[in-house]
Amino acid sequence: MKTVRVIPRLDIKGPNLVKGIHLEGLRVLGKPEDFARQYYKDGADELVYMDVVASLYERNSLHDFISRTAKEIFIPLTVGGGIRTIQDIKEILRAGADKVSLNTAAIKNPSVVSEAANMFGSSTITVSIEAAKQSDGQYLAFTDNGREYTGIEVGTWSKEVERRGAGEIIVTSIDREGTGRGYDTALTELVAKQVSIPVVACGGAKSDQDVLAVIEQGGADAVAVASLFHYDFIKRRQSVADTSEGNVEFLKQNKAFSVMKPTTIRKVKQYLHRHDIQCRLTN
Amino acid sequence: MAKPKKVAIIDYQLSNLFSVMHACTYVGLDATITFDKKVVASADAAILPGVGAFGDAMKNLDNTGLTETIQEFIAQGKPFMGVCLGLQLLFEESEEFGRHKGLGVLKGDVKKFPTVQDGKAIKVPQIGWNKIYSSDTGIAWSHSPLRHIKENSFMYFVHSYHVVPEDESVVLTKTNYDGVEYASGVLYNNVFAVQFHPEKSGEDGIAIYKNWAQQNGLL
């Protein structure tokens, strides 16, 4: 029986943790280190940090954040967002990340995947595929944080990515992302059937049932979760945001949620366990 | 008060060493990352980490003279810890990308996970958490760096190959990945080596570093 991983995804913009819907319209939710520390304590299996601005200026604060968390959070850290070159990868790993996630750079120049896998080892290189369903039912990959059309079909691209040496694939449904409409299990299944490397499903969880569904029906080896955990975190404690940047109106208003049933990592894992899905439970 | 002993984290250009370094620092070890064989030889203890290809690793170790240095270091009885590829390199041979000779400190070889087990496809590499449990030939964990770690605790694994020791009595921990049972940890005199990454295995993993440090008088 495989052990499924539950992986909180933190979208980082400068000093803040943010969250969008369909990968845009970012709201500030608080300080990323507060979330990271809490998730580690709650039993997160890994953490993913996505840099959603990916500009040179913001990159330094991201490196600092990676270093700070790497010193006290002893679970694997994957970092993605605007990673373009081998040098970028080197610097992110040196800052303390264990894995890097490539999307735009990989589609624009697939040989960067092979080059990176050869240099740093396959298991260090994750490829992130952001997909949107077309009217004919096909799933196509998008780049630049879900904005740029490529015309590349996801199943074919997944196989190519594996062939080039990626260690795992994280597949995000742009349509479901941030909406709480559930994961796109068909999308996950499509990718999982094409490759023999691990597949991480991302985008759309509103409850523990959604997490179970993408594992059972989609064949996900791991699940990435953002809104579901972040909204629970801010509900439970005073989230202190750096109000110098970003849309902080959401936080200030202290809104309640309609669709989402925010919950903790621990509760999700206990739920999975009750449904015979093996996962790592901590005290 | 005595100063902490010096620990050399062996850098053979094939892995991200910073998590190992962070774990060492966190538990109070005086650790240095080095590929200089003189620094390694003069250290009080050494850690051989690693993620990557066996063949490339051995090539780098041979070219820097670290192969002999490590073999001598271990023969002298100084505390030695291997992590992931570091465990595999201790053995005699690996089938990864052609046959390669290892350090030969322990008898046995290194094999790849099959992609099909019991009629089911399994994902290779294993990336994720899995349980460790003691071997029937039973080295008591209480006398090892796994002291106070519970049976069937979860540790973090990232690997496509696993070791097959000739001598069962060195096996400290076993793990079962989708039906394939294999040795995930060994203990032999001054050599302690694990397939999983204790520096990525949460508080239990950090406890392993602390135990290793304390039991070998390194703090």
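Proteins get letters first, then strands, A, B, ... in listed order; numbering begins at 1 in each.
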Subject >> Under 4.5 Å from a heavy atom of chain B, the part of A:K90 involved >> reply: neither
Original post:
Based on non-hydrogen pairs under 4.5 Å, which of A:G167, A:P198, A:G121, A:P76 is most in contact with chain B?
Top reply: A:P76
Subject >> Shortest non-hydrogen contact from B:K123 toward A:V195 >> reply: NZ-O, 3.6 Å
Subject >> Enclosure of B:F35 CZ (heavy-atom neighbours >12, cutoff 6.0 Å) >> reply: no
**OP:** Verify the neighbour count for atom CZ of A:R68: are there more than 12 heavy atoms of other residues, nucleotides or ligands below 6.0 Å?
**Re:** yes
**OP:** Please flag which part of B:V124 lies under 4.5 Å from any non-hydrogen atom of chain A: side chain, backbone, both or neither.
**Re:** backbone
Subject >> Candidate pair A:R5 and B:I127, rule side-chain contact (heavy atoms from CB on, under 4.5 Å), full reasoning >> reply: CA-CA 9 Å; A:R5 294 167 277 154; B:I127 299 182; 3.6 Å; yes
Subject >> Neighbourhood of chain A inside residues 21-30 of chain B, taking heavy atoms under 4.5 Å as contact >> reply: B:H22, B:A23, B:Y26
Original post:
Going from CD on A:Q278 to CH2 on B:W129, what distance comes out if it is rounded to the nearest 0.5 angstrom?
Top reply: 13.0 Å
Subject >> Contact origin within B:S19 toward chain A - heavy atom pairs under 4.5 Å >> reply: side chain
**OP:** Tell me, for A:A222 versus chain B, whether the close heavy atoms (under 4.5 Å) come from the side chain, the backbone, both or neither.
**Re:** neither
Original post:
Side chain, backbone, both or neither: which part of A:D221 has a non-hydrogen atom closer than 4.5 Å to chain B?
Top reply: side chain
**OP:** Search all heavy atoms of A:I75 against all heavy atoms of B:K200 and return the closest pair with its distance.
**Re:** O-NZ, 3.2 Å
**OP:** Please flag which part of B:E203 lies under 4.5 Å from any non-hydrogen atom of chain A: side chain, backbone, both or neither.
**Re:** both
**OP:** Please indicate whether B:K174 has more than 12 foreign heavy atoms, meaning atoms of other residues, nucleotides or ligands, lying under 6.0 Å from its NZ.
**Re:** yes
Original post:
What heavy-atom pair brings A:T3 and B:F154 nearest, and what distance separates the two atoms?
Top reply: CG2-CE2, 3.8 Å
Subject >> salt bridge (Lys or Arg N to Asp or Glu O under 4.0 Å) against A:D45, all qualifying residues, sequence neighbours excluded >> reply: A:K269, A:R280
Original post:
Relative to chain A, which of B:T115, B:I206, B:I122 shows the most heavy atom pairs under 4.5 Å?
Top reply: B:I206
